[in-house]
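For clarity, every value in this text was computed on a predicted model and none was experimentally measured. Residue indices begin at 1 and follow the sequence shown.
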Amino acid sequence: MFCWYQDAARCYVFLLDVSLSGSVEDDEFSRRWKPAFKKSRWFARGWTLQELIAPTSVEFSSTEGKRLGDKRSLEQTLREITGIAVQSIRGSPLSQFSAIERMSWVGDRQTKHEEDAAYSLLGIFNIHMPLIYGEGRQKALNQLLKEIRDDKLVNPPIAKRASFDSYMEEHNARCLPNTRTELLHRIKE
């Protein structure tokens with residue numbers, strides 16, 4: 001889906017919960033619809049993250065079909081609502097953003113199927129993995145995180161001259177010679 005949106009010339013977002021009924025275009029026009037825009041359910045849906053980021057152009061309209069603006073003219077408001085970096089909204093390659101930052105964009109987004117919490121992020125991380133509906137949210141997220149690690153999208157800091165690399169040894173807990181833990185065990189004995 002991400003590639004499909006990326007290849008689109010323009011995407012349209014009709015916000016069913018943003019109404020302009022009775023509004024007249026004047027100086028207070030945006031003050032009337034922006035509070036509803038900021039609270040729109042569209043920003044809480046899981047799949048809409050890629051609908052916002054992938055296309056070059058996204059136009060937002062009210063339930064009446066009245067144009068509210070595009071992602072360029074609304075970029076600061078979109079940043080406030082979603083926490084997504086303006087550079088990403090403008091179309092900078094997602095590889096410029098850390099996996100941790102991209103994960104922060106997810107926030108409390110809701111999905112109809114629990115596994116979609118992970119599956120809706122595949123394009124954001126350029127990950128390809130099988131979709132197994134019924135495996136549950138946690139298994140799907142764990143598989144996504146494994147794929148992200150395998151693709152080296154997560155680069156944990158490694159202390160130079162450390163006794164061991166805790167990331168590589170995360171499942172092999174042990175005390176190494178001349179470490180504080182080993183010394184504490186000696187004192188205790």
Side-chain angles (χ1 to χ4, degrees), residues 1-127 129 131 133 135-138 140-141 144-145 148 153:
M1 290 291 292
F2 189 86
C3 292
W4 189 76
Y5 287 115
Q6 212 168 26
D7 292 341
R10 178 174 292 129
C11 288
Y12 297 92
V13 176
F14 292 95
L15 301 170
L16 297 176
D17 52 356
V18 178
S19 178
L20 298 178
S21 60
S23 291
V24 180
E25 279 198 53
D26 58 17
D27 293 338
E28 294 187 24
F29 179 67
S30 68
R31 272 191 271 168
R32 292 183 182 155
W33 61 262
K34 272 201 177 172
F37 181 79
K38 290 179 178 183
K39 293 177 185 174
S40 177
R41 289 184 329 217
W42 189 84
F43 295 107
R45 291 179 41 232
W47 288 101
T48 59
L49 180 59
Q50 63 184 342
E51 294 172 22
L52 175 61
I53 294 174
T56 304
S57 176
V58 178
E59 291 198 13
F60 294 91
S61 299
S62 69
T63 192
E64 298 87 7
K66 179 79 174 163
R67 186 179 188 277
L68 302 172
D70 58 25
K71 76 176 188 175
R72 189 75 171 178
S73 67
L74 296 168
E75 66 186 17
Q76 289 302 325
T77 303
L78 294 170
R79 165 92 174 112
E80 291 170 24
I81 297 167
T82 64
I84 298 171
V86 169
Q87 297 85 350
S88 176
I89 294 170
R90 290 180 180 167
S92 292
L94 293 178
S95 59
Q96 292 182 357
F97 305 94
S98 72
I100 293 168
E101 182 173 2
R102 286 183 265 171
M103 281 298 236
S104 75
W105 301 339
V106 176
D108 295 325
R109 291 176 178 269
Q110 309 288 313
T111 58
K112 184 175 179 178
H113 301 285
E114 60 181 321
E115 297 86 359
D116 284 340
Y119 301 158
S120 63
L121 301 176
L122 297 178
I124 303 294
F125 291 99
N126 195 26
I127 297 287
M129 64 183 227
L131 308 183
Y133 286 98
E135 73 177 329
R137 177 188 177 100
Q138 198 55 53
L141 285 170
L144 174 65
L145 292 174
I148 290 170
L153 292 173

Arg102 and Leu121: CA distance, side-chain angles, deciding distance, side-chain contact (heavy atoms from CB on, under 4.5 Å) verdict: CA-CA 9 Å; Arg102 286 183 265 171; Leu121 301 176; over 6 Å; no
Exam field: side chain Glu115 to backbone Glu135, donor-acceptor pair closer than 3.5 Å: yes
Steps toward side-chain contact (heavy atoms from CB on, under 4.5 Å) verdict (Leu122, Met129): CA-CA 8 Å; Leu122 297 178; Met129 64 183 227; 3.7 Å; yes
Cys11 to Pro55 - nearest heavy-atom pair and separation: SG-CG, 3.5 Å
Spatial distance of atom CD (Gln6) from atom OG1 (Thr56) [nearest 0.5 Å]: 8.0 Å
Exam field: side chain Glu64 to backbone Leu20, donor-acceptor pair closer than 3.5 Å: yes
Closest contact, heavy atoms only, Asp17 versus Ser40: OD1-OG, 2.8 Å
Stepwise side-chain contact (heavy atoms from CB on, under 4.5 Å) check, Val58 with Leu74: CA-CA 10 Å; Val58 178; Leu74 296 168; over 6 Å; no
Candidates Arg72, Lys71, Arg67 - the one meeting side chain to side chain donor-acceptor pair (under 3.5 Å) with Glu59: Arg67
Ring geometry between Phe14 and Tyr12 (parallel below 30°, tilted from 30 to 60°, perpendicular above 60°): parallel
Pairwise side-chain contact, Phe125 with Met103, heavy-atom cut-off 4.5 Å (strictly under): yes
Worked verdict on Leu15 versus Trp33 for side-chain contact (heavy atoms from CB on, under 4.5 Å): CA-CA 11 Å; Leu15 301 170; Trp33 61 262; over 6 Å; no
Non-hydrogen atoms of Ala99 and Ile148 that approach each other most closely: CB-CG2, 4.1 Å
Taking every non-hydrogen atom, the tightest pair across Ser92 and Gln96: CB-OE1, 3.6 Å
Show me the side-chain donor-acceptor pairs of residues 44-51 shorter than 3.5 Å, one per line, residues at least two apart or across chains.
{"unit_1": "Trp47", "atom_1": "NE1", "unit_2": "Asp116", "atom_2": "OD2", "d": "3.4"}
{"unit_1": "Thr48", "atom_1": "OG1", "unit_2": "Trp42", "atom_2": "O", "d": "2.7"}
{"unit_1": "Thr48", "atom_1": "OG1", "unit_2": "Arg45", "atom_2": "O", "d": "2.7"}
{"unit_1": "Thr48", "atom_1": "OG1", "unit_2": "Arg109", "atom_2": "NH1", "d": "3.0"}
{"unit_1": "Gln50", "atom_1": "OE1", "unit_2": "Phe2", "atom_2": "N", "d": "3.3"}
{"unit_1": "Glu51", "atom_1": "OE2", "unit_2": "Tyr5", "atom_2": "OH", "d": "3.2"}

Heavy-atom pair with the smallest gap, counting every atom of Ile53 and Ser88: CG2-OG, 3.7 Å
Nearest heavy-atom neighbours spanning Trp105 and Ala85: NE1-N, 3.8 Å
Atom pair CD1/CZ of Ile84 and Arg90 - distance to nearest 0.5 Å: 14.0 Å
Pairwise distance CG(Leu52) to CZ(Phe43) - rounded to 0.5 angstrom: 7.0 Å
Within-4.5 Å side-chain heavy-atom neighbours: Phe60 and Leu78: yes
